[in-house]
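Here the structure is laid out as structure tokens; the discussion comes afterwards.
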Amino acid sequence: MSKRSFNYTKRKRLGNSDFELSLFENSSSPSEFELSIPEDDNEIPDHFQIIVDAYRGSKVMRFGMGTWGKRNELKRQRLTAFDPGENVMFRIKIVDDLDSKRRIAMWRDQIKARSHSQDGNVTKSILPVHPRDLGSIGWKLDWANPARPELQVNSKISEAQDVTSIVKNDPDFAILVFPEVIRQALTKLLKDDIEDDTERQENEWFQFGAQLAGIEAPSMEEDDDAYERESDDWVSDVTEAFGKNFELVKRYVEFKSSE
Amino acid sequence: MKFLTEEGNKEYASWVGSIEGTDLVKPSNLLEDSLFSCEIPNSPDLPEMSFSTKFELAEVLAPIVEQLYENGLDDDKWEGVWNAMALQYFDSICRRDKDGKWKPNKGKEFYIYDSDFTRFYRHRIKGPVRLYQAGGRALEPFFQVLPHIHGDFEEFVGSSQELVSAQVILVLKALYAKQDDSGIVAGFSTRKNFPSIEKKLPAPGTIRRFVQVFKQLKRTYDLFGIDPDPFMDLLPEEFSRAE
């Protein structure tokens, strides 16, 4: 049985096709982002304001981007409050500025921007990597953004800032850690109460899992025990498919024999 | 004024890590030795003083910090700036016991700057200054304590960037400050027992409840841009202006 949701405030959701958010990353200076909102059928008055929040956990930068009527003139903005490479999420709000209570007419939260690296490549990794001083721990998943985990790796082990670098430079770490990362991430996401079905379907991790397992994630059920069993089974299928697709065991054996 | 270099930051951190229960002398030499600190061009001097309240600390240091921002200080220097200021005013931000031994707050982030969003707001210089930059004089009732005291206000408000705004701080002042701004009303962060619930929960109308309600309201209203009076109208009945 799917969940019912009640929308008393008539706040609308910005769909994926209603905007494009690009992040331009720089290794030595603050990143920048650009928002574009194409012409559409949304009946929003021209004077409504477009606000973008860039955030990581409780750290937020707020940008007044301009009015809805001038949404084709939005300028690139600089994320000066965030370190280069920091895993920043975004929130877009369309606000009635003539309402003293500033009601939000449309919004979208937990947006991961399409990332453009310095060399011009476009990437959209579902698992950002952040080297940190983790004391005696090798790695952990950070859930500052509840819908998208970040892999924190002890900076004494690796200074890698993306999954590709880890696979290339530390294949043993990748082989031993990534399946557990997938298991932990999906298990938590399946337990969390994601607001609505559309948000669930558009979550990159659920899409990633569905691609690997060949089947969508189970829907939340009234019967908690049945849901838990189906979730556990699905996560196992995804993890196993990941291991099989990337030949993890074979790679590990080859890596160890080459040492 | 100066910022601590990478070497200076390490020495300072090492000293902070070793002072508990001791009367180790502050390593002021770090602010004089060019290996450990560097002059910031065109920067104001830090006043030689100690601070009797957190508000005084914030009020004096915030304009200095603001000037450094305006001068365009490089991002990578700020860690050294915060640590240098903490070192300079260490006697104000770290208490001593009755025998004169250092008794630092639990957690090195109170004295050694950590840019991680879960910790940076606790720094005993950065934390109050940042809040002052947002709220100005409206903070006075909340900061009538010794500078080393972090407290519930800083923990609940400072930990969330969305609450660090002039409007929110004005609302909090209306809710929790005494009429004469000499302090805050009793019970503003109380927790209480409710029937059938083992754990204590935030009492109605307290700042803990305010943070919970804020998180709900922000999904419907752009709270950052609201003036204090309409904001107050959005709050449920459990919140009322302080008498």
Side-chain angles (χ1 to χ4, degrees), chain A residues 7-11 13 26 28-30 48-64 78-84 86-89 91-110 130 132-135 142-145 150 152 195, chain B residues 9-10 13 17 69-70 72-76 78-79 108-109 112-122 126-127 130 133-134 154-168 171 211 214-235:
Chain A
N7 187 1
Y8 297 115
T9 63
K10 310 284 184 247
R11 187 195 71 200
R13 184 174 181 275
N26 207 316
S28 55
S29 61
F48 275 33
Q49 286 188 354
I50 303 168
I51 309 285
V52 171
D53 293 336
Y55 64 95
R56 180 163 181 267
S58 58
K59 188 159 70 171
V60 180
M61 270 191 92
R62 175 184 163 93
F63 299 90
R78 223 160 157 250
L79 297 169
T80 53
F82 298 94
D83 295 331
E86 205 169 342
N87 180 26
V88 178
M89 302 290 284
R91 183 184 302 130
I92 301 172
K93 297 183 274 193
I94 313 301
V95 175
D96 181 356
D97 61 321
L98 295 183
D99 176 359
S100 63
K101 296 189 170 71
R102 295 183 65 82
R103 192 177 298 268
I104 300 173
M106 289 187 88
W107 106 328
R108 181 67 181 268
D109 196 4
Q110 295 177 359
H130 190 54
R132 275 196 62 199
D133 179 3
L134 293 178
D142 180 69
W143 288 93
N145 292 310
E150 174 186 277
Q152 293 183 350
E195 193 178 82
Chain B
N9 284 325
K10 281 185 191 157
Y69 278 122
E70 283 172 15
L73 183 71
D74 290 339
D75 293 336
D76 62 355
W78 279 101
E79 180 188 356
K108 59 185 181 176
E109 66 269 18
I112 302 167
Y113 181 69
D114 185 340
S115 62
D116 189 274
F117 72 89
T118 58
R119 287 189 277 278
F120 78 97
Y121 64 95
R122 291 187 176 145
K126 164 99 179 179
R130 172 174 164 258
Q133 286 173 317
E154 277 201 73
E155 183 58 31
F156 292 119
V157 178
S159 62
S160 173
Q161 184 67 48
E162 289 173 308
L163 292 170
V164 181
S165 76
Q167 292 91 332
V168 171
V171 169
V211 174
F214 183 95
K215 285 179 182 170
Q216 293 168 347
L217 289 174
K218 74 173 192 181
R219 299 179 72 84
T220 308
Y221 305 95
D222 180 39
L223 296 180
F224 190 87
I226 295 186
D227 287 334
D229 282 336
F231 195 144
M232 294 285 290
D233 291 342
L234 289 174
L235 296 174

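By convention in this document, chain letters (A, B, ...) are assigned in the order of the sequence lines, proteins followed by strands, and residues within each chain are numbered from 1.
Of the listed residues (A:Arg132, A:Arg62, A:Arg91), the greatest number of heavy-atom pairs within a distance under 4.5 Å of chain B belongs to A:Arg62.
The closest side-chain donor-acceptor pair between B:Glu155 and B:Tyr121 falls under 3.5 angstrom. Between the side chains of B:Arg130 and B:Gln161, at least one donor N or O sits under 3.5 Å from an acceptor N or O.
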Using a 3.5 Å cut-off and no angle test, enumerate the donor-acceptor pairs between side-chain atoms of residues 223-233 of chain B and protein atoms at least two apart in sequence or in another chain.
{"unit_1": "B:Asp229", "atom_1": "OD1", "unit_2": "B:Arg241", "atom_2": "NH2", "d": "3.3"}

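Listed by chain and number, the residues in a ring pair (Phe, Tyr, Trp, His ring centres under 6.0 Å) with A:Phe63 are A:Phe33 (sequence neighbours excluded).
Contacts of A:Val60 with chain B are made by both backbone and side-chain atoms, with heavy-atom separations under 4.5 Å. Within the 4.5 angstrom heavy-atom criterion, only side-chain atoms of B:Asp75, from C-beta onward, approach chain A. In this structure, chain A has no heavy atom under 4.5 Å from any part of B:Lys215. Contacts of B:Asp76 with chain A are absent, with no heavy-atom separation under 4.5 Å from either backbone or side chain. At a 4.5 Å heavy-atom cutoff, the contact between A:Lys93 and chain B is made by side-chain atoms alone. Heavy atoms of B:Thr118 lying under 4.5 Å from chain A are absent altogether.
With A:Arg11 contributing its side chain and A:Trp107 its backbone, the two residues share no donor-acceptor pair below 3.5 Å.
Distance check, rounded to the nearest 0.5 Å: CG of A:Asp53 to NZ of B:Lys218 gives 8.0 Å.
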